[in-house]
Amino acid sequence: MILLDGKATAATIRTEIKEELDKLTGKYGRQPGLAVVLVGEDPASQVYVRNKERACEDCGIKSMPHKLDNTTQLELEGLIQKLNRDVNVDGILVQLPLPEGLDSQKILDLIDPEKDVDGFHPVNVGKMSLGLPGFKPCTPAGVINLLKRYNLDPACKKAVVIGRSNIVGKPLAMMLSQSGPCANATVTLCHSRTADLKAECLEADFVFAAIGTPNFVTADMVKEGAVVIDVGINRTDEGLAGDCDFESLKDKVHAITPVPGGVGPMTIAQLMVNTLEAFRLHVGA
Ligand code: GUN
């Protein structure tokens with residue numbers, strides 16, 4: 001069984017970015033800037049944002065935090081517009097979910113698509129669906145990058161994605177089914193209304209779990225030798241748990257990601273990749 005080590009792979013990617021930026025920041029006279037907007041006190045979001053700030057520091061990206069205890073829709077919209085105009089800001093990330101009462105879609109729609117390093121703006125979602133270059137959401141792009149680094153190509157294989165969220169499931173299904181490197185899969189997108197989820201999973205060479213239910217995918221649901229990618233991070237009384245039952249799966253699969261240390265670090269590494277790309281776009285490198 002191959003343990004897909006997202007933590008080590010993400011560290012390698014951060015080192016590559018740092019080396020690249022050591023050259024670019026001298027040449028262009030400034031570092032890439034990533035504005036990270038966090039509203040409210042959601043403990044999970046606070047951890048994610050801290051990890052994103054650390055990753056920036058690690059690879060030579062200037063993290064520009066905007067932490068707001070309390071804000072109005074209008075004030076937050078004003079902040080986004082200010083960041084859009086700021087020439088030292090290459091990427092803008094609004095940590096989701098926003099507290100109740102704020103219209104997330106309206107906020108995301110305001111971000112300049114050229115600074116949308118999360119790939120959530122409708123222009124970037126549209127570009128992705130057309131197969132055009134643009135920013136891609138960090139979690140699905142990080143998953144594909146992890147597969148690439150382990151030479152696990154889903155081309156011509158059957159893939160099942162469980163979960164149809166806009167952040168993970170939907171874009172991941174799109175990316176896997178497109179033509180291009182580490183894609184070309186035959187994809188089934190499953191969700192809470194799928195009639196026979198187990199039967200769908202048993203057909204799959206690649207299973208991607210993004211459901212948000214701890215240990216949901218068990219060994220009886222996957223075929224021998226499948227590749228299992230666990231996108232879940234669930235806080236349980238026993239600590240962090242993924243969407244996949246690692247213990248039962250590990251002796252049946254060809255490869256699997258652990259939780260923690262699998263997809264999570266790859267999401268953050270991808271954010272650094274996207275921020276570097278935004279910087280290149282803005283300085284014309
Ligand atoms: N909340 C959960 N995942 C994400 C993500 O990838 N980006 C942002 N901004 N918020 C999230």
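Atoms within a ligand are numbered from 1 in the order they appear, just like the ligands themselves. Bear in mind that the values here come from a model prediction, so they are computed numbers and not experimental data.
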NZ/Lys106: more than 12 non-hydrogen atoms of other groups inside 6.0 Å: no

Heavy atom of the protein closest to atom 11 (C) of ligand 1 (residue, atom name, distance): Gln95 NE2, 3.5 Å

Asp90 and Arg30 ion-paired at < 4.0 Å: yes

Main-chain N/O of Lys136 paired to Asn274 side chain as donor or acceptor, under 3.5 Å: yes

Lys115 side-chain N/O to Val89 backbone N/O, donor-acceptor pair under 3.5 Å: yes

Proximity flag Tyr48 to ligand 1, non-hydrogen atoms under 4.0 Å: no

Asp118 N/O under 3.5 Å from ligand 1 N/O: yes

From Leu98, Leu38, Val117, Leu96 - option closest to atom 10 (N) of ligand 1 by heavy atom: Leu96

Ile13 reachable from Leu34 in the ILVMFWY side-chain graph, under 4.5 Å edges: yes

Atoms in ligand 1 with a heavy atom of Val94 nearer than 4.0 Å: 8 (C), 9 (N)

